[in-house]
Amino acid sequence: MQHVRVRLGDVAVQATATSEPEVVAGGQVLRGGSIAVGFPATPWRFYRHGWQSWSQTRWLAVDEPVAPVPVADLRVFDDDPVHADAERQGGAVVGAVEDPGGVLLVGALGISGRVELADDGLTAESDTTDRWFVAYGAEDEVFAAYVRLLGEVVGRRDLPDQRVWCSWYSFYADITEPALHEVIDDLDGLAFDVVQVDDGWQRHIGDWEANDGFPSGMPALADRIRASGFRAGLWLAPFLAHERSQLHRDRPDWLLRDDGGAPVSAGWNWDGRVHAVDVTHPDALAHVVEVLRTAVGWGFDYLKLDFVYAGALPGVRYRDVERHVAYRQAIQALRDAVGDDVVLLACGAPVAPSLGVFDAIRVGPDVAEVWENTEVTRYLHRLAAPQARYAVATSVHRLWLRPLVATDPDVAYFRTRYCLLSDEQKALVADLTRVCRFRATSDIPATLDPHERDALAAYLTEDVEVRRLGRYRYDIGGREVDFGPVASAVPVLLPVEG
Ligand code: 9PG
């Protein structure tokens with residue numbers, strides 16, 4: 001480790017690294033498993049990039065206190081559990097600070113890393129790379145330079161604009177074959193590309209076969225969707241095993257374990273604890289690969305792979321590989337098995353190790369037909385829980401990823417029934433889907449009034465040009481839309497009494 005001076009445009013900063021900086025397009029590259037970069041000036045904001053899709057991502061005031069999620073079983077939904085007790089603000093892979101002169105960015109040139117805000121600079125460490133991009137300048141320029149270099153390391157994929165009908169935000173887990181048939185009939189005349197069946201079709205989390213709600217089976221459902229002119233999409237959580245699943249009973253040897261030999265918690269959901277499948281176990285991986293092959297064999301060629309952070313949790317693995325490497329090898333095996341023509345959408349996914357393999361990534365938490373779930377945010381500090389407000393805020397801060405992957409901001413709402421969002425809130429969410437060029441909804445045509453149905457039809461066929469005007473401001477088809485008031489609002493988090 002040595003002290004080096006790094007020239008960044010007009011300024012020079014102190015850094016510690018293992019060698020002298022190397023000049024690259026838009027910045028410099030520093031080397032080291034752990035490095036530090038001094039501030040060029042006193043910063044006022046820190047860019048926190050969350051570990052996985054749902055993790056809070058935004059510009060924080062530098063003095064915002066860290067506020068961990070007090071319930072261990074829910075922490076994994078919010079961020080990397082490894083850093084749950086961190087004393088400083090920090091984020092995954094990339095971090096930045098803003099001062100009056102510009103933005104200083106430090107980003108891993110690899111699939112994992114942690115960047116933290118220290119008193120006099122940013123510190124960064126990684127177990128998978130020793131190369132760090134460092135730049136200082138205008139926000140869009142430093143992020144663009146970083147994502148360009150990152151893409152050279154992790155790869156990129158291209159996906160045309162998507163228009164998706166997804167079952168989740170209307171039916172939740174209560175989907176059945178007759179209910180979906182009715183929706184598919186009613187979607188006639190609406191320009192969706194994909195009809196995606198979400199959670200609720202399977203026997204259990206881990207048992208990826210049709211349940212009793214789908215008596216004709218999954219191939220028949222895929223056929224029905226395709227015959228209506230849509231691609232058939234299916235939700236799976238392939239790296240999870242619910243504690244009451246058959247998989248869990250039959251293959252305890254496939255579960256990721258902690259040092260004491262107990263299965264690692266991958267969260268609490270579906271009325272129980274879920275555990276992680278150890279995807280470095282060759283039989284477990286072969287099984288997961290077979291699950292995906294089977295889904296593709298049924299006729300589904302758009303797969304939403306959810307809760308996949310479970311593949312990158314800390315634990316004792318069959319093969320002793322770093323957790324993000326384990327995750328990436330597993331998703332690469334899935335990609336190799338299904339081929340390039342199947343669209344793979346990652347959800348609940350560690351972002352950086354998903355790049356180059358997935359076509360699209362969910363870049364924020366779930367929207368939901370409520371704006372904010374205040375009990376959950378204030379008392380549980382859960383900004384990753386389903387709520388439209390933080391879904392918008394996090395997704396808006398992830399748009400710099402677009403050159404490498406399609407960014408899915410989750411669904412827009414056109415309905416008034418069963419929706420507590422105001423017209424302005426619905427419009428803002430819909431505008432974000434326009435910016436992302438990823439249009440989706442779960443609205444059931446039968447619940448829309450004629451005016452709402454027309455609005456949905458127009459939304460699916462419109463051709464609007466989008467231009468970025470500033471950090472939060474966009475020109476969308478000639479209208480100026482400002483996500484700033486929502487994206488830059490500081491959440492109210494109350495202290496948890498011990
Ligand atoms: C299906 C859903 C939908 C949705 C996904 C994911 O933090 N949480 O408790 C939490 C629960 C559910 C959840 C996300 C976070 O939703 O994002 O689109 O597919 O699973 O169960």
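Residue numbers start at 1 and run along the sequence shown. Counting starts at 1 for both ligands and their atoms, in listed order.
From the protein, the heavy atom lying nearest to atom 2 (C) of ligand 1 is Trp168 CE2, 3.5 Å. Protein heavy atom closest to atom 12 (C) of ligand 1, with residue, atom name and distance, is Phe307 CZ, 4.0 Å. Scanning all protein heavy atoms for the shortest distance to atom 6 (C) of ligand 1 gives Asp306 OD2, 3.1 Å. In terms of protein heavy atoms, atom 11 (C) of ligand 1 is closest to Asn269 ND2, 4.0 Å. Ranking the protein heavy atoms by distance from atom 10 (C) of ligand 1 puts Pro386 CD, 4.3 Å first.
Between the side chain of Gln89 and the backbone N or O of Leu117 there is no donor-acceptor pair closer than 3.5 Å. Not one N or O on the side chain of Arg45 forms a donor-acceptor pair closer than 3.5 Å with the backbone of Trp59. No donor-acceptor distance shorter than 3.5 angstrom exists from the side chain of Arg244 to the backbone of His204, with no hydrogens or angles considered. The backbone N or O of Val69 lies less than 3.5 Å from no partner atom in the side chain of His381, so there is not a single donor-acceptor pair. Put simply, the side chain of Trp201 gets close to the backbone of Trp235: a donor and an acceptor are under 3.5 Å apart. Using a distance-only test at 3.5 Å, with no hydrogens or angles considered, no donor-acceptor pair links the side chain of Gln56 to the main chain of Arg48.
The N/O atoms of Tyr169, backbone and side chain alike, include one that comes under 3.5 Å of an N/O atom in ligand 1. Between Asp366 and ligand 1, a contact under 3.5 Å exists for at least one N or O pair. Ligand 1 has a nitrogen or oxygen under 3.5 angstrom from a nitrogen or oxygen of Arg362.
Sorted by first and then second residue, the pairs that involve residues 347-360 and meet side chain to side chain donor-acceptor pair (under 3.5 Å), not counting sequence neighbours, are Arg157-Asp359, Tyr327-Ser354, Arg335-Asp359.
Atoms of ligand 1 found under 4.0 Å from any heavy atom of Lys304, numbered from 1 in the order shown, are 3 (C), 4 (C), 18 (O), 19 (O). Taking every non-hydrogen atom of Asp199 and a distance limit under 4.0 Å, the qualifying atoms of ligand 1 come out as 1 (C), 21 (O). Atoms of ligand 1 found under 4.0 Å from any heavy atom of Arg382 (numbered from 1 in listed order, with element): 7 (O), 8 (N), 9 (O). Interface of Asp198 with ligand 1, defined as ligand atoms under 4.0 Å from a residue heavy atom, comprises 1 (C), 3 (C), 19 (O). If you number the atoms of ligand 1 from 1 as listed, the ones under 4.0 Å from a heavy atom of Phe77 come out as 7 (O), 8 (N), 9 (O).
Residue contacts with ligand 1 include Cys347, since one of its heavy atoms falls under 4.0 Å from the ligand. By the 4.0 Å heavy-atom criterion, Tyr172 is excluded from the residues contacting ligand 1.
Using a 4.5 Å cut-off on side-chain heavy atoms (C-beta onward), His49 and Trp400 make contact.
In summary, the aromatic rings of Phe414 and His451 are positioned with their centroids too far apart to meet the 6.0 Å limit.
A salt bridge between Asp199 and Lys304 is absent, with no side-chain N of the basic residue lying under 4.0 Å from a carboxylate O of the acidic one.
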